[in-house]
Amino acid sequence: MIKLKKIIFALLIISILLASGCKKTQKDPKKQLEELKTGAEGISLSFVPDFPPDTIHIEPNVKNFEAMIEIKNKGAYPAADDPRKIEGKLYLSGYDKNLVEMAPENLDLNSLLLPSKSPVNLQGGSDVAAFKAEVQNLDSLNVEKYEPVLMATACYKYETTATASVCIDPNPYSTIKEKKVCQVHDVTLSSQGAPVAVVKIEEAAFSAKTQFKVTIRNVGTGDVLKDDQIDKCNPFGTSRLGREDVDKVYIERIAVGQQELQCWPFVDVTDSSAKQQSGFIRLVNNEGSVICELEKKDQEGYAGGNTAYITPLTVRLKYGYKAIAEKKLQIKVVSQK
Amino acid sequence: MSKKNILLLIVLSVLLISCQFSGTSTTGQREIDTHIGFDGLTAEFSKDAPPQVVFEESSFPILLKVRNNGAYDIKEKKGTITIGREKDYVTGLVQATSTKVGILSGDSASFDVDGKSILNPYGEEILLQWNAKTGKLDPQSEIKQSVITATLCYPYQTILTTTLCIDPDVFGLRPGKKACNVKDMGFSSGQGAPIAVTKIEQQMIPQGDSIKPQFLIFLENRGRGTPVNILNYHDICAKPFSDTKNLWNTVRIKAFASGNKQLICCLNNAEGRCSESETQPDKMEGLVKLSDNKNFVRCIFQEKDAIPKSYDAYTSPLKVELTYGYVQSISANFNIHKPLKY
């Protein structure tokens, strides 16, 4: 009887170990759905392991190798109901064109399957881009080994949509003690499933208007570009990205409910203090802000009348983004001696 | 084994099998770098040849071991060795030949010796043998100390291959990460030759819509001998009393970037001037005169190989070839005794 008990006890321990010790941690699907609009990445790049291998041995009849880059859309753009595709290009650089020929020279991202994260695809789209490389004739290499750093660069257009609930108080200086449904307060956000995020909305209520200071930050690991300048990323192109092309985000729309706000200051305009609904803002040290105003109409007050109310504030940003992946490799010429 | 232990063993086995760390072991072949170190040839007399004591009017052996500790092969009997002796006391030398050693004259021999390779990572060693004959000592002398010298003159080559960074964004105005950054490169381990490239400073020189990369290549004689002009190295050993002025400390340099694009290295003509418009490969070679065993040379891209300013930074191979003759000497002392005759 004691023997049987011991065996049962041992089997129990084994079962527990098997069940808990090596169990894969699976996320709660509900939580994953909530996380669709979070994350600080848009398009991410990585070299497929062994494509190319760390060391490539070149012989007179073996001069080719393949570079494969895995591209993932880890963000929330384009939305599931948006028919648009990711617009942009993938380039390979860092090698000497006189020695290595790469085909194709670049690749259109819209030719790849890169849907955003969605309820049916919680991880987002993923595809592989292949480049075929050929080392030029061995005599021209003139060295036993060549150690280039392959740099894959994706320059693409992306969008961020951020929504937060804000409190609109038409009588912030009211002397009568009355219960309000909400109090004006600052809102802190983390990320919105995109490399550029709205991180803070500071609100100030005045008697005739409500003012919002919206802070935007590059939360990704790449560089922000003007969305119409992404073609300048071509490493062998004729025009280069300049300081005027980077760290600029286009504010397409900031609205409280259905009402679009007037904001300032914008760059690349003649009068930077002029209030307008859209324009570019500059990020300094990866962060930039814009101030927007919701004017109170004299007769009607705000949309919620003369009492405080909660309403969504929506921010839509458009920008170009540059993501990079690197791989150091060694091209070795096999000695023919 | 008790039942408790058996149970414990089962549990441990399950743990090991189910949660095993799958590490991969690599048993790759270790790479041998032959282009390392500061030696060319090393030579030494055998411990007992010449012997410490020899007698007058007798013969004795001289055995010299020459090893190529560098990475360059000396072929076609281009190495020369000359034995120096006091001709009154060592009156004759007869040399033994082998496949690697040839006779030039009684006191001089030519030789081949291969450098380090993957198949022979220690370099080849050859033996040179002479049979020497002593002369007669002065009547009043019982003992005479004499010396034998061996002077080696040989052609040698230093080859450095490295990867450089070509960045057309000279002033670093372009935003974003680059594939590489232009920086000075140091080479402290040598290249398997007595003359070493110790440092390369890179400079990108803007020129209109393109850039012409320029390199300052620093050389140093780290071996135990002296470099000589490659064209005349043989004369130092073969014609010991000829005029050797302007032959010493001279090194020729050729550099190639981006594969087989030869750079123009300066100074590159006998008048001590630099012509940056040379197109003939032999005239693009630089001529360096070492001072205190050091100097540097400037090598620049040809006009036609200039790189468009619009390109992104990229890496490219650089090959530097130094060609020179090298002269080094060793000596051995021995005593010539008069045999006792009583």
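Letters go in sequence order (proteins before strands), and every chain restarts at 1.
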- Message: Tell me which of these, A:K322, A:E326, A:K232, has more heavy-atom pairs under 4.5 Å with chain B than the rest.
- Response: A:E326
- Pairs of heavy atoms under 4.5 Å with chain B: top-ranked of A:I331, A:N234, A:L150, A:L241: A:L241
- Write out, in numerical order, the residues from residues 39-55 of chain A with a heavy atom short of 4.5 Å from a heavy atom in chain B. none
- Message: Quick check: closest heavy atoms across A:V149 and B:T315, and the distance to 0.1 Å?
- Response: N-OG1, 3.5 Å
- Query: Counting only heavy atoms not in B:K77, do more than 12 sit closer than 6.0 Å to its NZ atom?
  - Reply: yes
- Flag the pair A:F236 / B:Y311 as yes when their ring centroid distance falls below 6.0 Å, and as no otherwise. yes
- Does a salt bridge link B:D312 with A:R240, judged by any charged N lying under 4.0 Å from a carboxylate O? yes
- Message: Is B:T163 in contact with chain A via its backbone, its side chain, both, or neither, using a 4.5 Å heavy-atom distance?
- Response: side chain
- Query: Do other residues, nucleotides or ligands put more than 12 heavy atoms under 6.0 Å from B:D209 CG?
  - Reply: no
- What part of B:I159 lies closer than 4.5 angstrom to a heavy atom of chain A: side chain, backbone, both or neither? neither
- Item | Max heavy-atom pair count under 4.5 Å with chain B, selected residue of A:N98, A:D247, A:D96, A:D223 | A:D96
- Task: Check each atom of A:E147 against the heavy atoms of chain B and say whether the ones under 4.5 Å are side chain, backbone, both or neither.
- Result: both
- Query: Between B:N260 and A:N142, which heavy-atom pair has the shortest distance, and what is it?
  - Reply: CA-ND2, 4.2 Å
- A:E144 atom CD: more than 12 heavy-atom contacts under 6.0 Å: no
- Under 4.5 Å, heavy atom to heavy atom, which residues of residues 172-183 of chain B contact chain A? B:G172, B:L173, B:R174, B:P175, B:G176, B:K177, B:K178, B:A179
- B:Q203, CD: over 12 other non-hydrogen atoms inside 6.0 angstrom: yes
- Query: Hey, is NZ on B:K309 packed in by over 12 heavy atoms from elsewhere, all under 6.0 Å?
  - Reply: yes
- Message: Can you confirm whether A:K97 is buried at NZ, in the sense that more than 12 heavy atoms of other residues, nucleotides or ligands lie under 6.0 Å from that atom?
- Response: yes
- Least distance between heavy atoms, B:L318 atom then A:V143 atom: O-CG1, 4.3 Å
- Item | Option that, when pairs with chain A are counted at under 4.5 Å, heavy atom only, ranks first among B:G259, B:S117, B:C165 | B:G259
